[in-house]
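Structure record follows, encoded as structure tokens.
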Amino acid sequence: PDKRLDQLEPVVADHSRMLETIATALAEQTVTTNRRFDRVDARFDAVDARFNAVDARFDAVNARLDTELGAVNARLD
């Protein structure tokens, strides 16, 4: 029994090291993936802000156009 235990000890230790290596690599990959998603989210936020600015400009143009058309229609009536 002791001989068999002695044979298993290095195998278990080796498997432990492999599991530790895998866990470390997985943790690093998770951090990397999260950082990349954070960058993608930041880019989408920037695009969203640009669309909001364009929408505001269109709203301002529409308001001016409505005012001008209202004035033209008033002159024609």
Side-chain angles (χ1 to χ4, degrees):
D2 285 339
K3 184 176 180 181
R4 184 162 169 93
L5 190 59
D6 289 341
Q7 290 172 342
L8 287 176
E9 189 175 336
V11 172
V12 170
D14 190 42
H15 284 162
S16 271
R17 281 191 297 274
M18 282 194 276
L19 286 173
E20 204 171 302
T21 301
I22 291 168
T24 300
L26 182 59
E28 289 171 358
Q29 187 61 44
T30 300
V31 169
T32 300
T33 301
N34 286 341
R35 285 183 185 149
R36 288 181 181 166
F37 275 118
D38 289 344
R39 287 193 303 239
V40 169
D41 285 344
R43 288 179 181 170
F44 275 121
D45 288 344
V47 169
D48 191 44
R50 290 174 110 181
F51 275 118
N52 287 337
V54 169
D55 283 344
R57 286 173 131 181
F58 275 118
D59 289 345
V61 168
N62 279 338
R64 282 185 16 217
L65 188 59
D66 286 344
T67 301
E68 294 295 323
L69 287 177
V72 169
N73 284 333
R75 282 189 219 144
L76 292 176
D77 287 339

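Computed from a predicted model, the values in this text were never measured in an experiment.
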Just to verify, which of Val40, Asn34, Asp38, Thr32 counts as forming a side-chain contact (heavy atoms from CB on, under 4.5 Å) with Arg36?
Thr32
Heavy-atom count check: over 12 atoms from other residues, nucleotides or ligands less than 6.0 Å from Gln7 CD?
yes
Within this structure, what is the [atom1]-[atom2] distance for the pair [X] and [Y], rounded to the nearest 0.5 Å?
{"X": "Leu26", "Y": "Thr21", "atom1": "CG", "atom2": "OG1", "result": "12.5 Å"}
{"X": "Leu8", "Y": "His15", "atom1": "CG", "atom2": "NE2", "result": "10.5 Å"}
{"X": "Asn52", "Y": "Asp59", "atom1": "CG", "atom2": "CG", "result": "10.5 Å"}

How far apart are the C-alpha atoms of Val47 and Arg43, what are their side-chain angles, what is the distance that settles it, and do they pass the side-chain contact (heavy atoms from CB on, under 4.5 Å) test?
CA-CA 6 Å; Val47 169; Arg43 288 179 181 170; 5.6 Å; no
With a 4.0 Å cut-off on N to O distance, would you call Asp6 and Lys3 a salt bridge?
no
